Amino acid sequence: MKPKVLLFYWVVLAVAGCSWIPRAGPSTSDVLEQGQAGGEILFDVVQVDDRVVDTLLAQPKESFALRFRENAQPPEVKIAIGDTISVVIWESAAGGLFSEAPPALAPTGGRTATEPLAPESRPPAGGQPSEVGAPNPLTGRPTETAPPPEEQRPRGTGLPQQPFSMEAAAAAGGRRAATIPDQQVGADGAISVPYAGQVPAAGRFPAEVQQAIEARLAEKALGPQALVIVKKSAANAVTVLLNESGQGSSEVFDENSIENLVRTLPNPVEAPAAVAAGAGPSPNPIQTAQAAGTRVPLSPGGDRLLQVIAAAGGAKSPIHQTFVRLSRDGVTATIPLEQLVADPAEDIYAQPGDVITLVRVPQTFSVFGAAGRNAEIAFDARNINLGEALAKSQGLRDDLAKPEGVFLFRYEPNSVVRALDQPVSAEARGGVSPVVYRFDLRDGKTYSLAQEFPVYDKDVIFVADAPAAQIYKFFTALNQVTGPIVTGLVTCRYVKC
């Protein structure tokens, strides 16, 4: 081969490796080399194998049952300061403190208008009244015609057709109930009852307050019986906020730097506390929008979280995009709504003062490089794996991709990094550290691992170019320049210009 031809090929190979040739991102060697700089680890590069997948799958997830385990039993719903209370009092006889005196008898000794009538003679068995003067078969005397049924009822004494109430029932039995106007439990924790004074109510069950009222009136009223009803309680209620629009943040990246690709992930400083503590992935911090809220009172028997959410109207967004955030006694935890529905152990009892927020967080992952589709792709289920993620991006391009150069970028809790036997990065902040997982898709076993490797919200998948792709790009660019010249020379030769 002529020396000029060899020189030409060497020039081509040298030029093909120049950085001015366009490419979608760092090469495989760039990723491996840029993990360290100046003796410091900027990010960990982890080759994915069985041990790595098992370690990731074994990490504990956020759990209401574990985070709030001390509140496993239903709460005791007691009267609290500020509750609205209604008190009704009965007496065993008329003429007491809370009832009117009985009506006086008529002067003639006749029956009063409210005294029940004596039963009258009934018509014959045939259903027809007997005729006047017809002899009685027993006495032989003529009988009187029985008045029509409607005449037997005293006019104007029928009971009105109205809903049943305790006061009406008491009045029908000769006892009238006294209803104390609704009142709020004062700052001193007491309510006011006539002739009983200030009765302590806060921190007691309604039955205990009833007993206290009856004891105070025992010497003053006639066999008093009290009923205490809590009509409104802000303290024994759960606040439910329905937020249907959550958005994650996005940033512009420099595609030629692997460090900038890592920084496109969620800001580690804003990572949730559950992730920093090693409790597994949880939704990315969101920009909270205006939320509609309601208060749901708790029943004495206790209400579970799903019951409270249903009473508030339920979630309107798709279940795989909805997260439940529970705040209790200064502690906040967040889990997917699908996890709350699927695992009965997570459906714990709501406690007075709880704040439940339903947040819609559309989860996405991003794909860059030599993939069939470069885009931000939304999750269509709660959990997806790497195999599904690559399929959604139309797989690797066989004319550009390097199968050994498939990377996934993610911020992991420091506890997970240590479980993977990797050093914590010098760039670690907020308890999380950048990690790059490498997949060798030339190995058939890696496809099985890809079906188990979980993809989380805001993960970044990058597929590096193959070395030959740069040569292909060089010749393509060279053809764009030399093609018209060669075509012109050939044409000129044939036309003898």
Side-chain angles (χ1 to χ4, degrees), residues 64-65 67-90 163-170 177-193 196 198-217 224-242 293-314 324-331 333 340-341 343-358:
F64 286 162
R67 183 65 69 92
F68 305 105
R69 66 178 66 186
E70 66 277 4
N71 302 122
Q73 299 301 320
E76 295 182 343
V77 180
K78 297 182 179 181
I79 298 173
I81 294 175
D83 289 359
T84 301
I85 305 296
S86 176
V87 180
V88 183
I89 301 175
W90 288 268
F164 174 81
S165 65
M166 291 177 289
E167 291 85 348
T179 302
I180 310 300
D182 293 353
Q183 58 183 306
Q184 287 188 332
V185 180
D188 58 352
I191 59 174
S192 179
V193 179
Q198 294 294 109
V199 180
R204 290 184 169 187
F205 294 106
E208 295 175 340
V209 180
Q210 292 173 187
Q211 296 173 1
I213 295 174
E214 294 169 359
R216 292 196 177 197
L217 297 176
Q225 296 290 322
L227 177 64
V228 176
I229 304 173
V230 180
K231 289 193 171 181
K232 184 179 180 181
S233 177
N236 294 312
V238 176
T239 302
V240 181
L241 301 177
L242 305 177
T294 184
R295 278 185 174 178
V296 179
L298 295 177
S299 61
D303 297 294
R304 296 186 179 271
L305 297 182
L306 287 177
Q307 293 175 314
V308 173
I309 293 173
V324 182
R325 180 176 300 160
L326 175 60
S327 299
R328 175 183 298 172
D329 298 330
V331 179
L340 180 63
V341 173
D343 189 356
E346 297 297 326
D347 191 17
I348 61 178
Y349 283 103
Q351 300 292 325
D354 281 357
V355 177
I356 301 174
T357 307
L358 298 183

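Everything numeric in this text was worked out from a predicted model, so none of it was measured.
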Indicate yes or no: at least one non-hydrogen side-chain atom of [X] is less than 4.5 angstrom from one of [Y].
X	Y	value
L227	Q210	yes
I348	R328	yes
P75	L298	yes
L241	L358	no
T239	I356	no

Could you measure the distance from the [atom1] atom of [X] to the [atom2] atom of [Y]? Nearest 0.5 Å is fine.
X	Y	atom1	atom2	result
I85	S192	CD1	OG	13.0 Å
Q184	I191	CD	CD1	12.5 Å
L242	T357	CG	OG1	9.0 Å
Q183	T84	CD	OG1	9.5 Å
L340	I309	CG	CD1	5.5 Å
D343	F64	CG	CZ	11.5 Å

So, the side chain of [X] versus the backbone of [Y]: is there a donor-acceptor pair under 3.5 Å, distance only?
X	Y	result
D347	L305	yes
E214	Q211	no
Q225	W90	no
N236	S233	no

>> With a 6.0 Å cut-off (strictly less than), is the heavy-atom count around CG of D329, excluding the residue itself, greater than 12?
In response: no
> Could you give all pairs that pass the salt bridge (Lys or Arg N to Asp or Glu O under 4.0 Å) test and reach residues 69-79, with sequence neighbours left out?
Replying inline: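 Sorted pair list: E76-K78.
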> Which salt bridge (Lys or Arg N to Asp or Glu O under 4.0 Å) pairs, counting each pair once, include a residue from residues 295-311, with sequence neighbours left out?
Replying inline: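 Passing the test, one end in residues 295-311: no pairs.
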Shortest non-hydrogen contact from [X] toward [Y]:
X	Y	value
V296	A312	CG2-CB, 4.1 Å
A65	E346	N-OE1, 3.4 Å
R216	A196	NH1-O, 2.9 Å
A333	F68	CB-CE1, 4.0 Å
P300	V77	CA-CG2, 4.0 Å
P352	A235	CB-O, 3.2 Å

> For R204, what residues pass the salt bridge (charged side-chain N to carboxylate O under 4.0 Å, His left out) criterion, not counting sequence neighbours?
Replying inline: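 Counting only residues at least two positions away or on another chain, R204 forms no salt bridge (charged side-chain N to carboxylate O under 4.0 Å, His left out).
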> With the threshold set at 4.0 Å, does a side-chain nitrogen-carboxylate oxygen contact exist between K232 and D83?
Replying inline: no
> Should V230 and I79 be marked as a side-chain contact (heavy atoms from CB on, under 4.5 Å) after you check the CA-CA gap, both sets of side-chain angles, and the distance that decides it?
Replying inline: CA-CA 8 Å; V230 180; I79 298 173; 3.9 Å; yes
